Amino acid sequence: MIPDWFNRDTPTTELAQNLIGCLLVHESDEGRCSGWIVETEAYLGFEDQASHSYQRKQTPRLSALYQGLGVFYLYQMRGHILINVVSGYPGQGTGVMIRALEPYQGRDLMAQRRGKSGILISNGPAKLSQALGINMSYYGQSVQGPGLRIDFSQRLSYAKLGVGPRIGIPNKGEWTHKPLRYYIEGHPYLSK
DNA sequence: ACCAGGATTCCCT
DNA sequence: GGGAATCCTGGTG
């Protein structure tokens, strides 16, 4: 089931907050892995200097970011994969980056893929991709797809939502400091 | 064809 | 806290 708040009119900032506590699931031939989303960042499109769609930039690599709400925009950086959920209307270029997970199902497999244990399994955007076993085949695919998907039917409850500046984007003027990062206050699996 | 530049991670001091 | 690893994309000549 898709919750009411998961629609194209929901502001990206609001979507980023609502995704906290949802479950990200990957079904593969190795088994099912999943984790609770505990940290996200909003990227606001044309005006946002840190967004890949800043100033309406369009390249083949960005196509999924312009597809509108409900698909994954995967981005490769230095051999790592970063996961985003596209928001808004087609052509808008906005999305939410998933920065950290608390492992839920398939913890052993996730630890094995990472070669690490504890918080090092998924306390970072590329770490969680590796832990889940994500590859670029999910680029532009629906978040309700059979492989990689968001499960809205269960939710991690938490006491307090934290807000702060996004990570890893220096020299972007006011956009470096805007409070567009959301997280579960005090959660052990937060990135950085 | 070449080169600079990352929405990162890891390891070292 | 700092720097190297590493690799793909896109802009430029």
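First the proteins, then the strands, lettered A, B, ... as listed; each starts at 1. Only heavy atoms go into these numbers, but all of them, side chains included; no hydrogens, no water, no symmetry mates. Computed from a predicted model, the values in this text were never measured in an experiment.
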Using a 3.5 Å cut-off and no angle test, enumerate the donor-acceptor pairs between side-chain atoms of residues 127-140 of chain A and protein atoms at least two apart in sequence or in another chain.
{"from": "K127(A)", "atom 1": "NZ", "to": "N123(A)", "atom 2": "OD1", "distance (Å)": "2.9"}
{"from": "S129(A)", "atom 1": "OG", "to": "I81(A)", "atom 2": "O", "distance (Å)": "2.7"}
{"from": "S129(A)", "atom 1": "OG", "to": "P125(A)", "atom 2": "O", "distance (Å)": "3.1"}
{"from": "Q130(A)", "atom 1": "OE1", "to": "R114(A)", "atom 2": "NH1", "distance (Å)": "2.7"}
{"from": "Q130(A)", "atom 1": "NE2", "to": "R113(A)", "atom 2": "O", "distance (Å)": "3.4"}
{"from": "N135(A)", "atom 1": "OD1", "to": "S137(A)", "atom 2": "N", "distance (Å)": "2.9"}
{"from": "N135(A)", "atom 1": "OD1", "to": "S137(A)", "atom 2": "OG", "distance (Å)": "2.4"}
{"from": "Y138(A)", "atom 1": "OH", "to": "H26(A)", "atom 2": "NE2", "distance (Å)": "2.8"}
{"from": "Y139(A)", "atom 1": "OH", "to": "R61(A)", "atom 2": "O", "distance (Å)": "2.5"}
{"from": "Y139(A)", "atom 1": "OH", "to": "S63(A)", "atom 2": "N", "distance (Å)": "3.3"}
{"from": "Y139(A)", "atom 1": "OH", "to": "S63(A)", "atom 2": "OG", "distance (Å)": "3.4"}
{"from": "Y139(A)", "atom 1": "OH", "to": "A64(A)", "atom 2": "N", "distance (Å)": "3.1"}

Polar side-chain atom of [X] near backbone of [Y] as donor-acceptor pair, under 3.5 Å:
X: R166(A); Y: K178(A); answer: no
X: T40(A); Y: V96(A); answer: no
X: R99(A); Y: I37(A); answer: no
X: D48(A); Y: A50(A); answer: yes
X: T10(A); Y: W5(A); answer: yes
X: E39(A); Y: S191(A); answer: yes
X: S34(A); Y: Q105(A); answer: yes

Q: Report the residues that fulfil side-chain hydrogen bond (donor to acceptor under 3.5 Å, both in side chains) with D9(A), sequence neighbours left out, ordered by chain and then residue number.
A: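 Here the qualifying residues are Y89(A).
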Q) If a stem is a run of at least 3 consecutive Watson-Crick or G-U pairs, both distances under 3.5 Å, which stems include DNA chain B? A)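 Consecutive-pair runs (3 or more) involving DNA chain B: B:1-6 with C:7-12, B:8-12 with C:1-5.
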Q | Closest-nucleotide 5' rank along DNA chain B - winner of R114(A) and I169(A) | A |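 By nearest-heavy-atom nucleotide position, the 5'-most residue is I169(A).
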Q) How far apart are the C-alpha atoms of Q154(A) and W36(A), what are their side-chain angles, what is the distance that settles it, and do they pass the side-chain contact (heavy atoms from CB on, under 4.5 Å) test? A) CA-CA 10 Å; Q154(A) 37 191 344; W36(A) 304 106; 4.1 Å; yes
Q) 5' to 3' on DNA chain B, which nucleotides open and close the contacts with chain A (atom under 4.0 Å from a heavy atom)? A)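 Listed 5' to 3', the contact boundaries are dG6(B) to dC11(B).
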Q) Taking the six-membered ring for Trp, are Y158(A) and H187(A) ring centroids under 6.0 Å apart? A)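 No: the rings miss the under 6.0 Å criterion.
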Q: Pick base, sugar-phosphate or nothing for R166(A), based on heavy-atom distances below 4.0 Å to the nucleic acid.
A: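 Nothing, no nucleic acid heavy atom in range.
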Q: Could you check whether A126(A) gets within reach of a base, just the sugar-phosphate, or nothing at all, counting any heavy atom under 4.0 Å?
A: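 Sugar-phosphate only.
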Q) Does the pair I167(A) and E41(A) meet the rule for a side-chain contact (heavy atoms from CB on, under 4.5 Å), with working shown? A) CA-CA 9 Å; I167(A) 292 175; E41(A) 283 178 355; 3.8 Å; yes
Are there any protein N/O atoms within less than 3.5 Å of an N/O atom in nucleotides 6-10 of chain C, and if so, which ones and at what distance?
{"from": "dG10(C)", "atom 1": "OP1", "to": "T59(A)", "atom 2": "OG1", "distance (Å)": "2.1"}
{"from": "dG10(C)", "atom 1": "OP1", "to": "R61(A)", "atom 2": "N", "distance (Å)": "3.3"}

Q. Which residues, if any, of residues 171-192 of chain A bring a heavy atom under 4.0 Å of DNA chain C?
A.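 Heavy-atom cutoff 4.0 Å gives no residues at all.
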Q: Using only heavy-atom distances, determine whether the side chains of E102(A) and Y104(A) contain a donor-acceptor pair under 3.5 Å.
A: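 Looking only at side-chain atoms, Y104(A) and E102(A) do not form any donor-acceptor pair under 3.5 Å.
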